[in-house]
Amino acid sequence: MKKNIRNLCKKAVCAAVVMSLGLLTACGSGNAGDGTKSETKAAGADAPAGGEGASGAQTASGTINFYYWDGGQTEAVENLISLFKEQHPQIEVIPTQIPTSEYWTKLQTSLPNGTGPDVFWMNMTAPDYFNAGLLYDMGERIKADNVDMSVFPSLLTNLYIQGEAVYAIPKDYDGIALFYNKAVFDEMGLEYPKDGMSWDELSELAQKATNDQHYGFVAQNAGNVCYQDFIYSNGGRISAADSAGCEINQPEAVEAIQYLHDMMYKTKVSPTYSEQLEFSPNDMFVSGQAAMITAGSWKMTNFAENLGEDLGICTMPVAKTPAITASGLGYCINAASANIDASWEFVKFCATRDGQAATVSGAIPAYSGCDQLWVENFSQYEDAPKILEGINYEGSLPNPWWDKGYNDAKNIITETMTTIWSEPECDIQAALDKCAEDIEAVTK
């Protein structure tokens, strides 16, 4: 089967396709405690959400529009709005699901002219929006209504803070793990992957699991679920700590990219880039054409449905330190919203234990402790809790970002990584040197 895939993939025109950097994230859900007792307070608030406060909660009413992009979370969104409506009958929330391919274009065209949604999902591209004055600063209302932001991982809240301004309430966070197909390992008489394998151990196991029917591992041209995690675990970075410079050409990052590149073209334990264009990495995994893959928590449902009891879960491979790409979505308010009070009441509710628990069917909730509800959705997998561990690793870092020229920098990385992944003889150091130089030219 692997040989057939290779023959088909030779026909792919790699240069015409630019794969995404993979900065979009999955979404969270969850609840703390036993999950049976409903709470109506804002996280850490002394008064019920919807009571009196500096935000004008007592008089907030009317209709607000809410945009989100993941159709797979429609049920979770409906649960959230239904629960909010029970406690705030005077506020109508109209949800609109917009596919990712259209979502950002719609925001970029509607927000500047004042026709955008009142409330909407945001990811780590937030600086582009709050630097342009398009996002409402919730900082004062958070203080006035005693919303406890400490219940969310600091890696997430920091994505949406600039100085004293707070531009989003965390919604969820991403879990990244190594997934494997037990059937493949059983068939070949191999031991299952283990938590925190070294890079040498991963490579050795991938070689043993590779044959004409399946590859051992998939080295993906995907930032948040693959090469960024390997870079971070090796002690490297992509964007510099000052959010202006670039470190993608430093030894730690170069070593990580070279390691993954070698898996495709040297040891040949991973499908090549052209093969991955022909048949997506996740499809290869669930169809049994790849024994192991690194992936995000948002793929858990798909993996479980396709592999059932053959799905295995490990923590990520480790070079120098355990680390993953820590990211997550947030709820934002349009700075030009005609109904800030009602919008805030909805977003404030989204920050409560109840609000986060209502979306548990969609993703891992950001609220401390509520992520256990998400795990309960996959109780048939005793290793599912391992997916939650990475957010707390000291080595974990957010997706790369730059305060200036973010989109340009992202495009430069995307083009560079596509070149590296598609060229078997690529000079990786030279490619990353050029990448860093070009990024610093647009971000400093």
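Between the side chain of Ser239 and the backbone N or O of Trp401, at least one donor-acceptor pair lies under 3.5 Å. At distances below 3.5 Å, at least one donor-acceptor pair connects side-chain atoms of Asn158 with backbone N or O atoms of Ser154. At distances below 3.5 Å, at least one donor-acceptor pair connects side-chain atoms of Ser297 with backbone N or O atoms of Gly175. Judged by distance alone, with hydrogens and angles left aside, the side-chain atoms of Glu247 form no donor-acceptor pair with the main-chain N or O of Arg237 at under 3.5 Å. Panel note: side chain Thr352, backbone Phe349; a donor-acceptor pair is recorded below 3.5 Å. Within the 3.5 Å criterion, the main-chain N or O of Ala219 finds a donor-acceptor partner in the side chain of Gln276. Distance alone, capped at 3.5 Å, is enough to place a donor-acceptor pair between the Thr294 side chain and the Val225 backbone. For the pair Lys171 (side chain) and Ala366 (backbone), a donor-acceptor distance under 3.5 Å is absent. Looking only at distances, no side-chain donor or acceptor of Tyr273 sits under 3.5 Å from a matching main-chain atom of Met264. Not a single donor-acceptor pair under 3.5 Å links the side chain of Asp371 to the backbone N or O of Ile364.
Side-chain contact check for Thr325 and Gln228: at least one donor-acceptor pair (N or O, by modelled atom type) lies under 3.5 Å. A donor-acceptor contact closer than 3.5 angstrom is absent between the side chains of Trp298 and Asp70. Asn282 and Ser280 share no donor-acceptor pair across their side chains, judged by distance under 3.5 Å alone.
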Q | From CA spacing to verdict: side-chain hydrogen bond (donor to acceptor under 3.5 Å, both in side chains), Ser150, Asp148 | A | CA-CA 5 Å; Ser150 70; Asp148 183 5; 2.5 Å; yes
Q: Assess whether side-chain hydrogen bond (donor to acceptor under 3.5 Å, both in side chains) is satisfied between Asp186 and Tyr192, documenting all intermediate values.
A: CA-CA 8 Å; Asp186 291 341; Tyr192 293 152; 2.8 Å; yes
Q: Just do the ring pair (Phe, Tyr, Trp, His ring centres under 6.0 Å) check on Trp199 and Phe230 with the steps written out, would you?
A: CA-CA 9 Å; Trp199 286 5; Phe230 281 80; 5.7 Å; yes
**Q.** Derivation and outcome, salt bridge (Lys or Arg N to Asp or Glu O under 4.0 Å), residues Glu440 and Lys444
**A.** CA-CA 6 Å; Glu440 293 204 355; Lys444 285 192 172 181; 3.5 Å; yes
(Q) Checking Asp128 against Asn407 for the side-chain hydrogen bond (donor to acceptor under 3.5 Å, both in side chains) test, could you report, in this order, the C-alpha distance in whole Å, the side-chain angles of both residues, the deciding distance, and whether it holds? (A) CA-CA 8 Å; Asp128 285 347; Asn407 280 324; 3.1 Å; yes
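Residue pairs satisfying the salt bridge (charged side-chain N to carboxylate O under 4.0 Å, His left out) criterion with at least one member in residues 77-96, sequence neighbours excluded, are listed as follows: Lys85-Glu92. Each side-chain hydrogen bond (donor to acceptor under 3.5 Å, both in side chains) pair with one or both residues in residues 159-170, not counting sequence neighbours, appears once here: Asn131-Gln162. A salt bridge (charged side-chain N to carboxylate O under 4.0 Å, His left out) check over residues 190-203, counting only residues at least two apart or in different chains, returns the pairs Lys194-Glu201, Asp195-Lys386. The salt bridge (charged side-chain N to carboxylate O under 4.0 Å, His left out) analysis of residues 303-327, with sequence neighbours excluded, yields no pairs. The side-chain hydrogen bond (donor to acceptor under 3.5 Å, both in side chains) pairs that include a residue from residues 253-264 are Asn234-Glu255, Gln258-Asp262, where partners are two or more places apart or lie in different chains.
Between atom CH2 of residue Trp104 and atom OG1 of residue Thr109 there is a gap of 13.0 Å, rounded to the nearest 0.5 Å. Distance check: Ile428 CD1 to Asn249 CG gives 13.0 Å after rounding to the nearest 0.5 Å.
Minimum heavy-atom separation, Asp118 to Ser343: CB-OG, 3.3 Å. Between Leu155 and Ser396, the shortest heavy-atom contact is CD1-O, 4.1 Å. Of all heavy-atom pairs between Gln97 and Pro99, the closest is NE2-N, 3.6 Å.
Taking the six-membered ring for Trp and the full ring otherwise, the centers of Tyr68 and Phe120 sit at least 6.0 Å from each other.
For the salt bridge (charged side-chain N to carboxylate O under 4.0 Å, His left out) test, no residue two or more places apart in sequence or in another chain qualifies with Asp137.
When each of Phe179, Tyr180, Tyr381 is paired with Phe303, the ring pair (Phe, Tyr, Trp, His ring centres under 6.0 Å) condition holds for Phe179 and for no other.
Phe66 and Tyr331 have tilted rings, their planes meeting at an angle from 30° to 60° on a 0 to 90° scale.
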